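Let me begin by presenting the structure, written as structure tokens, before commenting on it.
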Amino acid sequence: MIETPSPQASALQGTPSPASASGQPGQAAAPPVALRARHLLGIESLSPEEIVLILDTAEAMKEVGSRTVKKVPALRGRTVVNLFFEPSTRTRTSFEIAEKRLSADTLSIAVATSSVTKGETLVDTALNLEAMSPDMIVMRHASSGAAHLLAQICRARIINAGDGMHEHPTQALLDAFTIRQHKKRIAGLKVAIIGDLLHSRVLRSNLHLLGKLGANVWVSAPRTLIPPGIERFGVTATTRVEDAIADADVVMMLRIQMERMQGHFFPSLREYFTLYGLTKERLALARPDAIVMHPGPMNRGVEIASDVADGPASVILEQVSNGVAVRMAVLYLLAGGLD
Ligand code: CP
């Protein structure tokens, strides 16, 4: 059995009640007490109730790491391996902090100095790590579906920290947590997502999540960066960025992912900024209390102007802070099924 967290962390003594903190009026269904799946591979496979459970658990986790409650013993004796095959600042660091605050034994594999550089396959790397009996593996990989592959061959719980252009579930969860913190709800909000939609795993996870929680989602980009068939997610797609931003409650900017682009998707970065960059003038089209989000890393002067990124509407660094609590919640809930 995992240990119950310390008495000081009173909010962690039981599973928090989604009905009390969801901010979703009219959602009074009995809350689930655990995640159904053994792994967190994507938002697609989560129910709305499971998403709310994670957000509410993260609410309780915010208390851990404060001066009064430095850490809790929820994952004491558990080993978590962080396996990042792609660069990361926010996700990797926040997972490491989250694991330490839950008292897990953690290790981070530096892929650049591992046997991967000698040609070892992902499967062999995973099987060798498995042989050392970790309880959980947090993985980022450049290939879509890499986390699903690991989940098929590993006994350890797998947490997808971003797989290619497929999903980045903990990013969408921390985005939802941040939106809920500011707006007290997600259902009915107009959320405009603008940028490199085609290559974005953050977009896909957010489309699943925001759709499941009832947001009114608009997406905007040059036609070449709009994935064909995106309307099947129930979103409104437009090449006119002003239409997406008009009266939005949330404006979420996505990075232009040059490293994933082969060929030219738009004439120049300067022209992209002129037509799609979030400037003060464009932001003025949104609701007066709109918040500006970005998963990072940002390209200032490409998808967002510096004075907007650092301005009063920006919650970009709050997203980063909330990433720790949300990742603690995911680790905690998945660990609940370890025994
Ligand atoms: N948002 C995000 O995934 O950032 P990192 O690449 O720094 O982890």
Side-chain angles (χ1 to χ4, degrees), residues 40-44 54-55 58 80-101 106-112 136-147 150 158-179 181 191 193-210 219 250-261 278 291-300 302-304 308-310 314-331:
L40 179 64
L41 304 179
I43 300 294
E44 187 173 11
I54 296 171
L55 300 183
V80 185
V81 173
N82 301 303
L83 184 58
F84 279 65
F85 289 88
E86 274 192 334
S88 168
T89 300
R90 285 145 285 266
T91 311
R92 185 167 131 169
T93 311
S94 60
F95 263 114
E96 288 182 14
I97 293 172
E99 290 152 12
K100 288 182 199 315
R101 287 190 183 162
T106 71
L107 70 147
S108 295
I109 310 282
V111 169
M136 298 191 199
I137 299 175
V138 178
M139 186 178 73
R140 170 171 291 187
H141 199 279
S143 299
S144 303
L150 235 60
I158 306 299
I159 301 177
N160 182 3
D163 63 326
M165 301 191 302
H166 177 228
E167 279 226 39
H168 192 349
T170 55
Q171 179 67 45
L173 287 162
L174 74 88
D175 291 342
F177 186 89
T178 308
I179 294 172
Q181 211 170 36
V191 181
I193 307 180
I194 298 151
D196 184 351
L197 310 175
L198 187 64
H199 301 102
S200 177
R201 55 196 174 207
V202 175
L203 173 77
R204 275 164 198 77
S205 288
N206 263 303
L207 292 187
H208 286 301
L209 191 152
L210 294 169
V219 295
V250 177
V251 182
M252 186 185 293
M253 303 308 293
L254 297 177
R255 185 170 68 88
I256 294 297
Q257 301 194 34
M258 299 303 288
E259 75 278 16
R260 294 194 204 276
M261 292 185 188
L278 187 62
I291 56 171
V292 172
M293 307 180 76
H294 194 305
M298 271 187 290
N299 294 312
R300 290 171 184 263
V302 177
E303 64 261 1
I304 189 166
V308 175
D310 303 328
S314 171
V315 297
I316 293 169
L317 290 178
E318 284 176 47
Q319 290 174 261
V320 179
S321 302
N322 291 336
V324 176
V326 165
R327 286 166 178 134
M328 284 173 74
V330 167
L331 290 159

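When a ligand or atom number is given, it counts from 1 through the structure's own listing order. All values reported here derive from a predicted model rather than from experimental measurement.
Any N or O atom pair closer than 3.5 Å counts here, and Gln171 shares at least one such pair with ligand 1.
At a heavy-atom cutoff of 4.0 Å, ligand 1 is contacted by no atom of Glu86, backbone or side chain.
Between atom CG of residue Asp196 and atom CG of residue Asn299 there is a gap of 10.0 Å, rounded to the nearest 0.5 Å.
Closest to atom 4 (O) of ligand 1 among all protein heavy atoms lies Arg90 NE, 3.0 Å. The protein heavy-atom contact nearest to atom 6 (O) of ligand 1 is Arg140 NH1, 2.8 Å. Atom 1 (N) of ligand 1 has its closest protein heavy atom at Pro295 O, 2.8 Å.
Side-chain contact between His208 and Glu167 is present, with heavy atoms from C-beta onward closer than 4.5 Å. Glu99 has its side chain within reach of Val138: a pair of non-hydrogen atoms, C-beta onward, lies under 4.5 Å apart.
Around atom 8 (O) of ligand 1, the closest heavy atom drawn from Pro297, Gly323, Ser88 belongs to Ser88.
Taking a cut-off of under 4.0 Å to the non-hydrogen atoms of Thr91, the atoms of ligand 1 that pass are 2 (C), 3 (O), 4 (O), 5 (P), 8 (O). Those atoms of ligand 1 with a heavy atom of Thr89 less than 4.0 angstrom away are 5 (P), 7 (O), 8 (O).
Under a 4.0 angstrom heavy-atom cut-off, Gly296 registers as being in contact with ligand 1.
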Please lay out, stage by stage, how Arg92 and Glu96 fare under the test salt bridge (Lys or Arg N to Asp or Glu O under 4.0 Å).
CA-CA 6 Å; Arg92 185 167 131 169; Glu96 288 182 14; 3.4 Å; yes
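Remark: Arg140 is not positioned above the aromatic ring of Phe84, lacking an NZ or CZ atom under 6.0 angstrom from the ring centre and at most 45 degrees off the axis.
Just one of His166, Met165, His168, Gln171 meets the side chain to side chain contact (heavy atoms under 4.5 Å, CB included) condition when paired with Arg201; it is His168. Here the options are Ile304, Asp310, Thr178, the test is side chain to side chain contact (heavy atoms under 4.5 Å, CB included), and the partner is Ile316; only Ile304 passes.
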